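Keep in mind that this is a model prediction, so the values were computed, not measured. For the single chain, residues carry numbers from 1 onward in sequence order.
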Amino acid sequence: MAVLHDAAAAWIAALPDRDRAALPRRLRRAGLAALIFAVPAADAAPWARAGIACYATRTPAHRAAWALREAALELAPAATLPGVLVRVFGLGVFIAGAAGAGKSRLALELVARGHALVADDAVELRSPACGVLLGRAPGLLRGLLAVRGAGVLDLRRLFGRRAPAEQRVDLLVRLGRPAPVQPGAGPRARVHGVVLPVLSLPRRLGHNPALMIEAACRDRWLQLHGHDTGARFARRQERQLRP
């Protein structure tokens with residue numbers, strides 16, 4: 001489902017006649033099942049002929065889109081998993097591991113380095129769209145972090161930072177055990193139906209897991225912007241080995 005607003009309607013109107021006529025069928029084949037018209041003068045007939053359900057609203061487009069998003073979140077399959085969710089450089093890092101592995105202590109170190117806690121101990125996960133996983137804290141635990149030896153900490157009072165209400169999950173960190181490696185790709189794992197890249201951090205004296213997570217998040221940003229260091233290194237090796 002999508003919301004048709006003024007800017008989209010103007011863009012469609014500026015298309016050549018052939019492209020404009022073909023657009024509803026193309027979007028239907030791409031999976032668009034319903035369209036909400038926030039533009040009163042828009043013609044719904046071509047969309048209806050393409051098999052797309054059409055609805056009209058007098059609500060401003062941005063409010064209609066927000067209401068649609070909230071409805072999708074409420075209807076999305078949900079699960080609560082043990083772990084910690086931290087926002088690092090804008091990416092959501094889900095930290096998993098056995099009891100006593102040091103998840104909350106690692107989250108505290110990341111918060112002290114300037115990052116933000118989203119959820120500790122229990123993470124509510126929802127998957128409202130294909131390939132997207134959202135996490136948040138149960139209301140009772142929001143903004144609180146329980147660390148062995150230190151008790152329950154109020155991070156807002158300690159660090160002056162408000163916990164984000166919700167965060168997309170982009171990376172899974174496993175403490176204490178290696179991740180399975182798939183041929184031709186880096187480690188991956190499925191969390192609540194969504195496949196995530198995995199960083200394994202075994203217990204090792206002297207290593208800094210917070211620094212490793214920061215480096216992994218920076219590298220993930222490079223990948224999202226088209227810079228795959230592993231692939232570039234493989235091509236460099238291949239050129240070096242050519243006779």
Side-chain heavy atoms nearer than 4.5 Å, only ILVMFWY residues, links allowed to pass through others: does that put [X] and [Y] together?
X      : Y      : answer
Ile36  : Leu32  : no
Leu211 : Phe89  : no
Phe159 : Ile213 : yes
Leu141 : Phe94  : no
Leu140 : Leu125 : no

Supply the atom-to-atom distance [X] [atom1] to [Y] [atom2], rounded to the nearest 0.5 angstrom.
X      : Y      : atom1 : atom2 : result
Phe37  : Leu4   : CZ    : CG    : 5.5 Å
Leu199 : Ile95  : CG    : CD1   : 10.0 Å
Arg25  : Ile52  : CZ    : CD1   : 10.5 Å
Arg156 : Arg142 : CZ    : CZ    : 9.5 Å
Leu85  : Glu124 : CG    : CD    : 11.5 Å
Leu91  : Glu214 : CG    : CD    : 12.0 Å

Do [X] and [Y] have side-chain heavy atoms sitting under 4.5 Å apart?
X      : Y      : result
Leu153 : Leu108 : yes
Leu144 : Asp154 : yes
Arg136 : Leu134 : no

How about [atom1] on [X], more than 12 heavy atoms from neighbouring residues, nucleotides or ligands closer than 6.0 Å, or not?
X      : atom1 : answer
Arg113 : CZ    : yes
Arg105 : CZ    : no
Arg20  : CZ    : yes
Leu224 : CG    : yes
Gln237 : CD    : yes

What are the two closest heavy atoms between [X] and [Y], and how far apart are they?
X      : Y      : value
Lys103 : Val84  : CB-CG2, 3.8 Å
Cys217 : Val93  : SG-CG2, 3.5 Å
Pro209 : Leu201 : CB-CD1, 3.8 Å
Leu133 : Val191 : CD2-O, 3.7 Å
Asp120 : Ser104 : OD1-OG, 2.7 Å
Cys54  : Ala44  : SG-O, 3.8 Å

(Q) When you measure from the side chain of Arg87 to the backbone of Gly90, do you find a donor-acceptor pair of N or O atoms at a distance under 3.5 Å? (A) no
Q.
Given 3.5 Å as the limit, does a donor-acceptor pair link the side chain of Thr80 with the main chain of Val123, or not?
A. no
(Q) The test is side-chain contact (heavy atoms from CB on, under 4.5 Å); show your working for Val173 and Met212 and say whether it passes. (A) CA-CA 10 Å; Val173 173; Met212 295 290 291; over 6 Å; no
Q: Applying salt bridge (charged side-chain N to carboxylate O under 4.0 Å, His left out), name anything that partners Asp219, two or more places apart in sequence or on another chain.
A: none
